[in-house]
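Beneath this line is the structure, given in structure tokens, with notes to follow.
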Amino acid sequence: MKLFNTLTRQKEEFKPLVPGQVSMYVCGPTVYNYIHIGNARSAIAFDTIRRYFEYKGYKVNYVSNFTDVDDKMINEARAEGTTVPELAERYIQAFLEDTRALNIEEATLHPRATHEIPAIIDFIQTLIDKGYAYEADGDVYYRAKKFADYGHLSDQNIDQLEEGASQHVNDEEQGRKEDPIDFALWKGQKAADEIAWDSPWGKGRPGWHIECSVMSTKYLGDTLDIHGGGQDLEFPHHENEIAQSEAKTGKKFVNYWLHNGFVTVGKDEEKMSKSLHNFVTVHDILKNVDPQVLRFFMASVQYRSQINYSKENLEQAANILGRFKNTLEGINYRLADATEGLPDPDLAKLVTETTAKFEAAMDDDFNVQNALTAIYEALPAVNSNANAEKADKESLRLFAKKLAAWLSVFGLDVDKLLAKEAGNDDAVIEELVAQRTEARKNKDWAKSDELRDQLKEMGVVLKDTPQGTRWSRE
RNA sequence: GGCGGUGUAGCCAAGUGGUAAGGCAGAGGUCUGCAAAACCUUAAUCGUCGGUUCGACUCCGAUCGCCGCCUCCA
């Protein structure tokens, strides 16, 4: 497998630290609101990657944190008149709900910053002891220039960073920092009502960057196989994580850095992009969009590419899903009927070849477009065979099984895709379908069409096949 | 100003120094009592201008546009 490593800006052969296993850390959300579509993108991108590793037989240890204390948390809690822990708890639950709806596998572990305070303090103390950090008036800062490789990941040079940083640092902070590019490891408590923990430097809370260094190394070891996150985290977040972790351990922190692309939302796409800079939450989207469609749409774009969230693109995804569904339904019906088919060498070969193409594409830095193309190209022959008098049941069965596995990598649950929504009017529908079959036998087309219209109003769509009439809910 | 990405048919999108995969939508057709589904057929010379080359969409240079990061952010 080849992965595009941000560290080297090229695709590299993946070599896990431990054969057959993958350790992954993915930066999770700050839980002060429902996750937005960008958070979902990241979660889906890395879930897809994780699932493909699992498809290949790797055991994946997937750790993803919740940032449950920081400025945004504090401000939001104040605004709502609640506490930071209450806010965190509420939105962690919402996160789990949303990601479950999107069929994102739950992380092996979801550590939270506030549950790791002692480890964070120890980590910071070590950095101070080693001369990489200094205390200043209740804050602790990381001495960025002390770390020789600072800026490597994002290809930034120190002088330019310094220039940029100096323009943004506020006076108060500036006074405490030795250098504008130094960043906070520990932030002293500012107001009495501000959540804080005791530390050697007084009451305060951890800075944002340190928590990820602490939690990733604590749970996955000094060196990880893969660390992921959005492109915006490259700098400064991941740059800082490297500086912190490597300064402490003296070892390489991460072998493969993976960064997912952004989601853009068109101005005139939907009403969703109200005010907050197209701040679209998954919670809101799922009120109108089938979670499977959203999931497939977002998983069907290579993780490094930008995604344009639009109604039209969602429709495209829904149409493709419909094709998969029809194919699987067709196969299932066929497998259920009594007609024994004949082995078809061409079809058997197609299944093998499609598997090879799918895997070759995914092995190439998760090229999902080409992986899907492999599937699309197999569909006509499969559908034809499933409709033919002499269906090759064995190959169809195998293809259906493979397709389920492939779609599962994309986070689609075939059973859910095919599930006829439980309705308590099944008996009524069956009865109407039977009446229509009777009418058709008598060539009473008027009656037949009338019944079909009636069913359509009930949300039921019919397909007349040589093997009989099939129905499904739309 | 610094760093990075991107520009291929209406839309999504792959790709290689040798003459443009695939999908969605659309159109036509087959099948069907009619439909639905399925199947078949069907569209672009690759932002622009130069250069290198026998030959470039693919390499180099310039230029225009779009996006992101450099400050909290997936």
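Given the structure is predicted, the values throughout are model-derived calculations rather than measurements. These values consider heavy atoms only, across backbone and side chains, with no hydrogens, waters or symmetry-generated copies. By convention in this document, chain letters (A, B, ...) are assigned in the order of the sequence lines, proteins followed by strands, and residues within each chain are numbered from 1.
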Mind checking who [N] pairs with, Watson-Crick or G-U wobble, both distances under 3.5 Å?
| N | value |
| --- | --- |
| B:rU52 | none |
| B:rU6 | B:rG65 |
| B:rA38 | B:rU30 |
| B:rG1 | B:rC70 |

Rounded to the nearest Å, what distance is computed from the [atom1] atom of residue [X] to the [atom2] atom of nucleotide [N]?
| X | N | atom1 | atom2 | result |
| --- | --- | --- | --- | --- |
| A:Tyr150 | B:rC3 | OH | P | 18 Å |
| A:Glu377 | B:rC24 | CD | P | 12 Å |
| A:Asp70 | B:rU71 | CG | C1' | 14 Å |
| A:Trp445 | B:rU32 | CH2 | P | 12 Å |
| A:Arg9 | B:rU6 | CZ | P | 11 Å |
| A:Asp47 | B:rA74 | CG | C1' | 15 Å |
| A:Glu234 | B:rG4 | CD | P | 11 Å |
| A:Asn157 | B:rC69 | CG | C1' | 15 Å |

Give one of base, sugar-phosphate or nothing for [X], where a contact means two heavy atoms less than 4.0 Å apart.
| X | value |
| --- | --- |
| A:Ser42 | sugar-phosphate |
| A:Arg440 | base |
| A:Val26 | nothing |
| A:Gly230 | sugar-phosphate |
| A:His259 | nothing |
| A:Asn319 | sugar-phosphate |
| A:Ser448 | base |
| A:Tyr376 | sugar-phosphate |

In whole Å, what separates the [atom1] atom of [N] from that of [M]?
| N | M | atom1 | result |
| --- | --- | --- | --- |
| B:rA27 | B:rA20 | P | 28 Å |
| B:rA44 | B:rC34 | C1' | 37 Å |
| B:rA25 | B:rG18 | P | 33 Å |
| B:rU16 | B:rU6 | P | 13 Å |
| B:rA9 | B:rG5 | P | 22 Å |
| B:rA13 | B:rC70 | C1' | 31 Å |
| B:rC11 | B:rG47 | P | 14 Å |
| B:rG23 | B:rC31 | P | 23 Å |

A:Arg470 and A:Glu329 ion-paired at < 4.0 Å | no

Return yes if some donor-acceptor pair links the side-chain N/O of [X] with the main-chain N/O of [Y] below 3.5 Å, else return no.
| X | Y | answer |
| --- | --- | --- |
| A:Glu12 | A:Phe4 | no |
| A:Asp182 | A:Tyr141 | no |
| A:Arg295 | A:Ala101 | no |
| A:Tyr52 | A:Glu359 | yes |
| A:Ser64 | A:Val26 | yes |

Please work out which of the three classes, parallel, tilted or perpendicular, describes the rings of [Y] and [X], given edges at 30° and 60°.
| X | Y | value |
| --- | --- | --- |
| A:Tyr34 | A:Tyr91 | perpendicular |
| A:Phe399 | A:Trp406 | perpendicular |
| A:Phe53 | A:Phe366 | perpendicular |
| A:His238 | A:Trp257 | tilted |

Protein-nucleotides 36-39 of chain B N/O pairs closer than 3.5 Å?
residue, atom, partner, partner atom, Å
B:rA37, O3', A:Asn326, ND2, 3.0
B:rA38, O3', A:Asn383, ND2, 3.0
B:rA38, O2', A:Asn387, ND2, 3.0
B:rC39, OP1, A:Arg323, NH2, 3.4
B:rC39, OP1, A:Pro380, N, 3.4
B:rC39, OP1, A:Asn383, ND2, 3.0
B:rC39, OP2, A:Arg323, NH2, 3.2

Closest-nucleotide ordering on RNA chain B, the 5'-leading residue of A:Leu372 and A:Thr30 | A:Leu372

RNA chain B nearest-nucleotide lookup for A:His209 and A:Glu315: closer to the 5′ end is A:Glu315

Nucleotide nearest A:Asp155 when distance is taken to its side chain, options B:rC69, B:rA21, B:rC3 | B:rC3

Closest of B:rC24, B:rC34, B:rC72 to the A:Arg452 side chain is B:rC34

Step by step, would you call A:Phe95 with A:Phe66 a ring-ring contact (aromatic ring centres under 6.0 Å, His included)?
-> CA-CA 10 Å; A:Phe95 170 94; A:Phe66 288 125; 5.0 Å; yes

Just by distance, with hydrogens left out, do A:Thr373 and A:Asn370 show a side-chain donor and acceptor under 3.5 Å apart?
-> no

Restricting to nitrogen or oxygen on both sides, can you table the protein-nucleotides 10-14 of chain B pairs closer than 3.5 Å?
residue, atom, partner, partner atom, Å
B:rC11, O2', A:Asn313, OD1, 3.3
B:rC11, O2', A:Gln316, NE2, 3.3
B:rC11, O2, A:Gln316, NE2, 2.7
B:rA13, O3', A:Gln369, NE2, 3.1
B:rA14, OP1, A:Gln369, NE2, 3.4
B:rA14, O3', A:Asn370, ND2, 3.4
B:rA14, O2', A:Asn370, OD1, 2.8
B:rA14, O2', A:Asn370, ND2, 3.2

